[in-house]
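As structure tokens, the structure follows; a few thoughts come after it.
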Amino acid sequence: MNIDLFKKLFEEDCISEESFEKIKNTSHQPLFSLHWELKTLLYLGVVLLSTGLGILIYKNIDTIGHQVILLIIAAISAGCFFYCFKHKKPFSKELIKSPNSFFDYILLLACLSFLSFVGYLQFQYAVFGTNYGMATFIPMLVLFYIAYEFDHLGILAMGITNLAIWMGVSVTPKQLLLNTDFNSQTVIFTYIFLGLLLLLAAYLSTHFSFKRHFRFTYQHFGVHLSFISLLAGYFFYFDSGVSFLFMLTLFALAYYIYTDSFKHNSFYFLLLVVLYTYIAISSLVLRALFSIKDDASITLSFMYFIASAIGIIFLLINLNKKIKTA
Amino acid sequence: MIIYNNVWLANLLIREEAERARKADAISTDEQKKIAEKYPVGFYTPNIFIRVGLFILTCIIVLFSGGLITLMASDMHIIDTWGYYLFLGIITYISLEAMVKSNNHYKSGVDDALMWISGGLFVAAFIIIQFKTTNDISYSRISFFMFLLALYYAMRFTDMLMTAVSLLALIVTIFLVWKDLSSWGMSTMPFLLMIVCSCFYLLSKGVIGKKNAIHYTNCLSIIQIISLLILYFAGNYLIVQSLSTTEAYGGTYGWGDTKAAKVPFAAFFWIWTISLPFVYIYLGLRKKDVILLRSGLLLVAIAVFTFRAYYHVMPVEGALCIIGAILLGLSYGVIKYLKIPKHGFTYEDLNEDNLMDKLKVESLIISETFSGTQAQNDQTRFGGGDFGGGGASGNF
């Protein structure tokens, strides 16, 4: 730290003598943190080791046989889980700090190898038969359980992704197999449902103060999924009147997220709401402009974009101020 | 030269220093507020999310304004002339200056967008002039123009990315000019670039922290990073060999265009390739220089890739397993070793809040001066913090 600067601040009576002493003490013995370097190396180590083992197993599949491979993967996963359960802190509804940084990576390795274990089992022996719902449902349950038990945000995100896969799989495959075309109508409704479900989970996390800090992850996935799928629904039904229903839902949702982001002082969600709503309004305006069927509509739409973007900039700046003072 | 209000910039530095002191728990929040009141900063600098949003929206505005002007001017047949791009660039640049001067935007997203768009338009205009006036396009002229332009932006707006662009453009210019200068241009290229890059590095190292350059600290750090990396790549065996044997560059080493072609002073380049990253790491640790240390760590990986491109000692999976295990073991060992900070190194994240509580820095200094048993006692006191966890990692 810059001693001269703080000396000046001290003389100007900005900081107390005690603080000045503290600053003098720390700058005698400046510590150099290797935190990020070591963390990166740890992460690289986990990734390289698991990839290397994966390739090694894959290449030697003829000589060692499936059972042995499964056994190895299971052993790695079980060993890591054993370590984690042995060292974990007792469960709590609040944030639990992991015992040490090694722990997080071991847990990650355990989950990754567990997923490949289930995948391998299904691929080779078709344990779940053609019931693909079950094959994704069980890992999902396990992931959510681990995320809550060990308080791991990364694994929560993996669980949410798995949930999406499970819902996608359990809704579409019948149609996929029967009609051999992708029925986007069902997919859109599934994802709207999933997005709203995640938003609900985010709301419940704070409402019951049950793992409050998980709210951000749920909300993040929920906001993106529901806005994108609502917009997709609007364009899918573009020609029929139902499309405006999607728009109405979108604006209602936007209002909810807007008030919510003020409640939690979140710039990120505020920005997302503004941008997604801007896209929605712009598509409505463009639709109106082009329905005039006039040469002027192109010029008008250009002008609309210039004016509206300037307006949004001022809106963002003002909202930013408002959220700061809130 | 800097467009921003100098007093505010200086106050910003003081505030940053105060923020760091507050994070290290040396001063209280009240004191920080007092400092902030005493040293006002009038810049408009929103957080990163708003910055991204403003950047996108400014791009939309400029895009559609340009489109509208083009639409109106489409009958006049001036759209494909260089003057038109220059005209658009000048308009964008004027609005950039106006935004910064009148509305005090400072790294707000609006100025970033206007800066890059105007710069792009100027470069486009210059390239069109090149195409219109001469038949042989000189790339060195274009890159030199880019260097000058980016240097101007970097000096005026203290922008880090612009600094990077200008340095890279300068190095490309040197490369292109030297290549065509004489027949031995290519064969002396690695040495020339090494000299140039070390000069840049030493220069920025000398200037950084000086009073005149205080507002350019970030830019100078960028120069250090890039010159260190280019210094390494200038002597990297794979790059030297492929550049010297590619036909496009004349194959000036004289023989063959196969990959197996030998490079003169091969031993020198190999030593350079393998040992320089470790030199960086060693110097970084000794001087406690983050830039040197991190570029060294990055370059170790590149050195391994270079080596593997020529010598297949073992299959990929074996190498991955061994390296992964070594990395895990090494970092685990170092983390354990640094449980109590030693030699001024710590594993703790120094940017966290309430660090002092966790580290109890005074007891650290004591534990370093006393002998082993004393330090042992300290270890239990440490246990109160994040690490202890009932000696979780200790009994592992």
Side-chain angles (χ1 to χ4, degrees), chain A residues 1-2 5-6 9 12 14-16 19 22-23 25-26 28-38 40-42 44-56 59 83 87 89 97 99-103 267-268 270-271 274-275 298-299 302-303 305-306 309-310 312-313 316-317 320, chain B residues 14 17 20-21 24 26-28 31 34-35 38 44 46-47 49-50 52-54 56-58 60-61 64-65 67-68 71 110 288 293-294 297 316-321 323-328 330-332 334-335 338 341 344-350 361-362 364-365 386-387 389 392-393:
Chain A
M1 270 175 245
N2 189 343
L5 171 70
F6 283 103
L9 287 174
E12 285 173 352
C14 276
I15 55 174
S16 65
S19 305
K22 264 194 206 164
I23 287 166
N25 268 338
T26 43
H28 276 314
Q29 208 98 13
L31 277 173
F32 185 72
S33 174
L34 293 175
H35 185 80
W36 288 107
E37 285 79 1
L38 287 170
T40 315
L41 288 184
L42 260 182
L44 263 181
V46 168
V47 170
L48 289 183
L49 192 63
S50 52
T51 327
L53 280 178
I55 301 174
L56 203 66
K59 280 203 173 161
Y83 170 82
H87 291 290
K89 289 180 180 171
K97 282 216 160 187
N100 55 59
S101 50
F102 212 55
F103 184 87
F267 296 108
Y268 175 63
L270 192 68
L271 175 72
V274 169
L275 288 185
I298 292 178
T299 321
F302 271 61
M303 283 176 170
F305 271 110
I306 297 168
I310 292 174
I312 297 281
I313 284 186
L316 267 185
I317 290 175
N320 192 15
Chain B
I14 293 175
E17 200 75 25
R20 221 170 298 150
I27 65 172
S28 65
E31 283 169 334
K34 225 178 189 178
I35 293 171
K38 188 139 193 169
Y44 179 69
N47 57 58
F49 301 119
I50 305 294
V52 171
L54 292 185
I56 296 172
L57 290 167
T58 312
I60 291 177
I61 293 174
F64 282 100
S65 312
L68 199 63
L71 211 63
V110 176
K288 299 198 175 159
L293 180 63
R294 289 193 183 161
L297 286 174
V316 183
E317 62 270 17
L320 283 177
C321 286
I323 294 170
I326 290 175
L327 280 180
L328 270 184
L330 189 77
S331 42
Y332 179 67
V334 175
I335 289 172
L338 289 179
F345 290 105
T346 174
Y347 170 64
E348 276 297 341
D349 187 1
L350 288 182
V361 169
E362 279 157 38
L364 288 180
I365 298 163
D386 200 17
F387 269 131
S393 45

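Just so you know, these numbers come straight off a predicted model, no measurement behind them. We name chains A, B, ... by the order of the sequence lines, and we start the count at 1 in each one.
Summarising the geometry of B:Pro46 relative to A:Asn320, their closest heavy-atom pair is CB-ND2, 3.4 Å, with the distance given to 0.1 Å.
With a 4.5 Å cut-off on non-hydrogen atoms, B:Ile56 touches chain A through its side chain but not through its backbone. Residue A:Ile306 touches chain B through both its backbone and its side chain, counting heavy-atom pairs closer than 4.5 Å. With a threshold of 4.5 angstrom between heavy atoms, A:Ile310 approaches chain B through its backbone and through its side chain. Both the backbone and the side chain of B:Ile14 come within less than 4.5 Å of a heavy atom of chain A.
Ring geometry for A:Tyr268 against B:Phe49 counts as tilted: the plane angle lies between 30° and 60°, on a 0 to 90° scale.
A:Ile317 contributes atom CD1, which lies 9.0 Å from atom CD1 of B:Ile50 (distance to the nearest 0.5 angstrom). If you take CG on B:Leu68 and CD1 on A:Ile298, they are separated by 11.5 Å, rounding to the nearest 0.5 Å. Atom CG of A:Leu48 is separated from atom CG of B:Leu327 by 6.0 Å, given to the nearest 0.5 angstrom. Remark: A:Ile313 CD1 to B:Ile61 CD1 distance equals 4.0 Å, nearest 0.5 Å. Considering CG of A:Leu41 and CG of B:Leu297, their distance stands at 5.5 Å, rounded to 0.5 Å.
With sequence neighbours excluded, no residue forms a ring pair (Phe, Tyr, Trp, His ring centres under 6.0 Å) with A:Phe267.
For chain A, the option among B:Leu293, B:Leu330, B:Ile326 with the highest count of heavy-atom pairs below 4.5 Å is B:Leu293.
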Verdict with reasoning, B:Leu328 to A:Leu42, per side-chain contact (heavy atoms from CB on, under 4.5 Å): CA-CA 5 Å; B:Leu328 270 184; A:Leu42 260 182; 3.7 Å; yes

